[in-house]
Amino acid sequence: MSAALVVPAGTTAADAVAAAGLPQSGPKAIVVVRDADGRLRDLDWSPGQDADVEAVAIDSPDGLDVLRHSAAHVLAQAVQDIFPEAKLGIGPPIENGFYYDFDVEKPFQPDDLAKLEKRMQEIVKAGQTFRRREYASLDEARAELAHEPYKLELVDIKGDVDDSEVMEVGGGELTHYDNLDRDGKRVWGDLCRGPHLPTTRLIPAFKLMRSAAAYWRGSEKNPQLQRVYGTAWPSRDELKAYLNRLAEAERRDHRKLGTELDLFSFPDEIGSGLVVFHPKGGVIKREMEDYVRARHIEEGFQYVGTPHISKEGLFHTSGHLPYYADTMFPPMHMEGADYYLKAMNCPMHNLIFRSRGRSYRELPMRLFEFGSVYRYEKSGVVHGLTRVRGLTQDDSHSYVAPEDAPAEIKHLLNFVLSLLRDFGLDDFYLELSTRDPKSDKFIGTDEQWATATEVLDRVATETGLELVADPGGAAFYGPKISVQARDAIGRTWQMSTIQYDFNMPARFGLEFQAADGSRQEPVMIHSAKFGSIERFFGVLVEHYAGAFPAWLAPVQVVGIPIRDDHAGYLEEFVARLRKEGIRAEVDHSTDRMQKKIRTAQQQKIPFMAIAGDDDVNGGTVSFRYRDGSQRNGVGLDEAVAHVVEVVRSRVNTGPTAE
RNA sequence: GCCCCUGUAGCUCAGUUGGCCAGAGCACCUGUCUUGUAAACAGGAUGUCGUCGGUUCGAUUCCGACCGGGGGCUCCA
């Protein structure tokens, strides 16, 4: 981990690290130190007076950033070696790796990456030293960087880019890092605030991953640069482990599993981002919906239904149209009116609330439906089930008296967490999205935002879950809490959202009659539990790698006869299961039994029920589970009860004989 | 929307430096075999090589546009 050190005046941090006997190479190497002000310093830093510092190892979060940013420099050097005309953009560390942006004549091709990687290996092997150098003045920097237009731009705006992504400038001074070869000759250099590894040789394992275009400084008004992504790790084993994680994620890809398990497809004839569910996917989707619908009703929601299109006036009233017209499908003209496909359900629920006078006795009023909405997502962002153009929201709106809003939000938050747990996700954190006071995108008064944000913050904090701030991430009409869930391999997905809305009730003129006879405006709380059924479906496919819990599995039991003449016996068993609502079938294909087992394994069916002469004679079946474990010779009554028990319990693990 | 890559059988993928009938494995169909826990054997059918246009004696191959897919950027009520 980290160790406290003193760097005596006039000596270097490296001297102190060596004197303390800390590792200077290997997977725990100390690569920089943190000074008393929390600032990271290179190992060749030499303080003017004795300094207390903390040694930072390459495998710590800061150490990894230093490693990866140094690898980005090596990449940039390799690019300018091979493509001397390339102009440098920025090259920060990111999660698990780094990137560097370049302005080049021709975009990089896959073989270019191989060449660059090879050149990087040479640079790493050469053991170049990174050396910090401070510019005496802005003009000196400008003169030296005259041939690097993007760097020049950073020098000129250095005041307002002091953030984690722009490593080039910041910290109140302007510095440069030179790469020196073993003879001390300068071979390359880059504007950079640092810090860096002492030498390139401390980059133990890296790999270039891909290239892609990226807008300069993140704005689509700017030119696109070519970005090269790479990854770097303190050891070869960690690199290998990271690549294995990526391979595992690829194996779980819901688009691939969706085809293999015959769950859904995106027919070209329908259009990009529009999914059709096949029978097996339909079973899972229906189980999800049935369960969620039942749970909503238990929790006091009323199931409603609304159409897919509406005249445009409704979306003017709601305020959506001015903000989101370009992400809605264009209108259809009919009978002198413009009809829009709906992109959100709340306006229609408001109309249900407003359809007659409401009493305080009806509150909280909770309207819920699976509402199909259509959004014209840009062509470049449509992605499997996680980003589609037609989706079904499990959308609810709670109308409450303002003083009851905190209790309602708490109720909703507990509800969504319990629902997610029911589906096997149980590792969460919360995000609180608030408005950006500098943006004019948000409507409502400061007081309204303050009240709403305070309520959400308080309720979120009370859950005891980790709470992450997301400034500027709010919807235009109010702040929101979102629930982020970690899946089986540690990736996080934004699932549920809960939004406090003080705006739409006023726009729709919603009111209820209070106990004292006065008319009052309710607060509206939007909540989606899964966000979209399609997206949650995709997340579940990846979370379970296609091996759904028994209660969700499209086929729960497959009967496998040893010989054809055992099939009739299994048909009787399967008929008993079906009577209990179990999705069971017998494999009547001409394959041999081993092949049928293989097929059932590949289809990830939870229960295989095998029967041959022994089982028929004994009045039993033999279970083989998805994990390969077996329970042989189980009596038919017990076998039926066993399957029914596992399915009805909705357990999300197993089944197994273990 | 922008940049790059990509589109050959239901799936995974070869292939054609422009030329007779375009290939493999799996899946599918037929037959033989009748089998105790992840692939029996033999035979068979399968494609307007994404679409439209251009170049050419000739295009699945080269060029262009469009459509779909992938990776990013931007965006995400």
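Values reported hereafter were calculated over all heavy atoms of this structure, with side chains retained and with hydrogens, waters and symmetry mates removed. Throughout, protein chains are lettered first and strands after them, A, B, ... in sequence-line order, and every chain is numbered starting at 1.
Contacts between residues 313-325 of chain A and RNA chain B, counted as heavy-atom distances below 4.0 Å, involve His320(A), Tyr324(A).
When distances run from any side-chain atom of Tyr376(A) to the nucleotides A38(B), G1(B), G36(B), the shortest one goes to G1(B). For Met328(A), whose side chain is taken as the heavy atoms from C-beta onward, the closest listed nucleotide among G1(B), A38(B), A77(B) is A77(B). Counting only heavy atoms from C-beta on, Gln602(A) has its side chain closest to A38(B) among G36(B), A38(B), C4(B). Taking every side-chain heavy atom of Lys480(A) into account, A77(B) is the closest of C4(B), A77(B), C11(B). Of the listed nucleotides (U37(B), G36(B), C11(B)), C11(B) has the atom at the smallest distance from the side chain of Thr259(A).
When the P atom is used for both A42(B) and A27(B), the distance is 14 Å, rounded to whole Å. Nucleotides A65(B) and C4(B) place their P atoms 11 Å apart, quoted to the nearest Å. G19(B) and G68(B) have their P atoms separated by 31 Å, with the value rounded to a whole Å. Straight-line distance between the C1' atoms of G15(B) and A59(B): roughly 16 Å, to the nearest whole Å. Look at the P atom in both U60(B) and G23(B): the space between them is 16 Å, to the nearest Å. When the P atom is used for both U32(B) and C13(B), the distance is 36 Å, rounded to whole Å. Rounded to the nearest Å, the gap between the P atom of C62(B) and that of G7(B) is 10 Å. Nucleotides G25(B) and A9(B), compared at atom C1', are 12 Å apart to the nearest Å.
For residues 594-603 of chain A, the pairs satisfying side chain to side chain donor-acceptor pair (under 3.5 Å) are Gln601(A)-Arg624(A), with sequence neighbours left out. Applying the salt bridge (charged side-chain N to carboxylate O under 4.0 Å, His left out) test to every pair with at least one member in residues 260-280 of chain A, sequence neighbours left out, gives these pairs: Lys256(A)-Glu260(A).
Base engagement by Ala343(A) is indicated by at least one non-hydrogen atom pair under 4.0 Å involving a base atom. Residue Asp591(A) is out of contact with every strand shown, counting any heavy-atom pair closer than 4.0 Å. Residue-level contact check: Gln109(A) touches the backbone only, with heavy atoms under 4.0 Å from sugar-phosphate atoms and none from bases. Contact annotation for Asp565(A): no contact, since no heavy-atom pair falls under 4.0 Å across all strands. Among the atoms of the strands shown, base atoms are found under 4.0 Å from some heavy atom of Gln630(A). Among the heavy atoms of the strands lying under 4.0 Å from Tyr477(A) are primed sugar atoms or P, OP1, OP2 only; no base atom is included.
Between Val621(A) and Glu260(A), it is Glu260(A) whose nearest contact on RNA chain B lies nearer the 5' terminus. Sequence order on RNA chain B of the closest nucleotides to Phe108(A) and Ser589(A) puts Phe108(A) first from the 5' end.
Counting only Watson-Crick and G-U wobble pairs whose two distances sit under 3.5 Å, RNA chain B takes part in these stems of three or more pairs: B:1-7 with B:67-73, B:10-13 with B:23-26, B:28-32 with B:40-44, B:50-54 with B:62-66.
Within 3.5 Å, no donor on the side chain of Asp613(A) pairs with an acceptor on the base of G36(B), nor the reverse. With hydrogens and angles ignored, no donor-acceptor pair under 3.5 angstrom links the side chain of Arg592(A) to the base of A38(B). At a cut-off of 3.5 angstrom, the base of A39(B) holds no donor-acceptor pair with the side chain of Thr599(A).
Lys596(A) places its NZ atom 15 Å from the P atom of U37(B), with the value rounded to the nearest Å.
Of all the heavy atoms in Phe266(A) and Leu385(A), the pair that sits closest is CZ-CD2, 3.8 Å. Scanning both residues, Gly612(A) and Ile562(A), for their nearest heavy atoms gives CA-CG1, 3.2 Å. Of all heavy-atom pairs between Val104(A) and Ala86(A), the closest is CG1-CB, 3.4 Å.
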- When you check every protein heavy atom under 4.0 Å of nucleotides 68-74 of chain B, what one-letter string (B, S, -) results, 5' to 3'? SSSBBBB

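With Glu377(A) contributing its side chain and Arg389(A) its backbone, the two residues share no donor-acceptor pair below 3.5 Å.
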- Task: Before giving the answer on salt bridge (Lys or Arg N to Asp or Glu O under 4.0 Å), spell out for Asp613(A) and Arg563(A) the whole-Å C-alpha distance, their side-chain angles and the decisive distance to 0.1 Å.
- Result: CA-CA 9 Å; Asp613(A) 289 338; Arg563(A) 242 184 298 117; 2.5 Å; yes

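Both cation-pi conditions hold for Arg227(A) and Tyr99(A): the charged atom is under 6.0 angstrom from the six-membered ring centre and inside a 45 degree cone around its axis.
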Restricting both atoms to N or O, compile the protein contacts to nucleotides 43-47 of chain B shorter than 3.5 Å, with distance only.
none

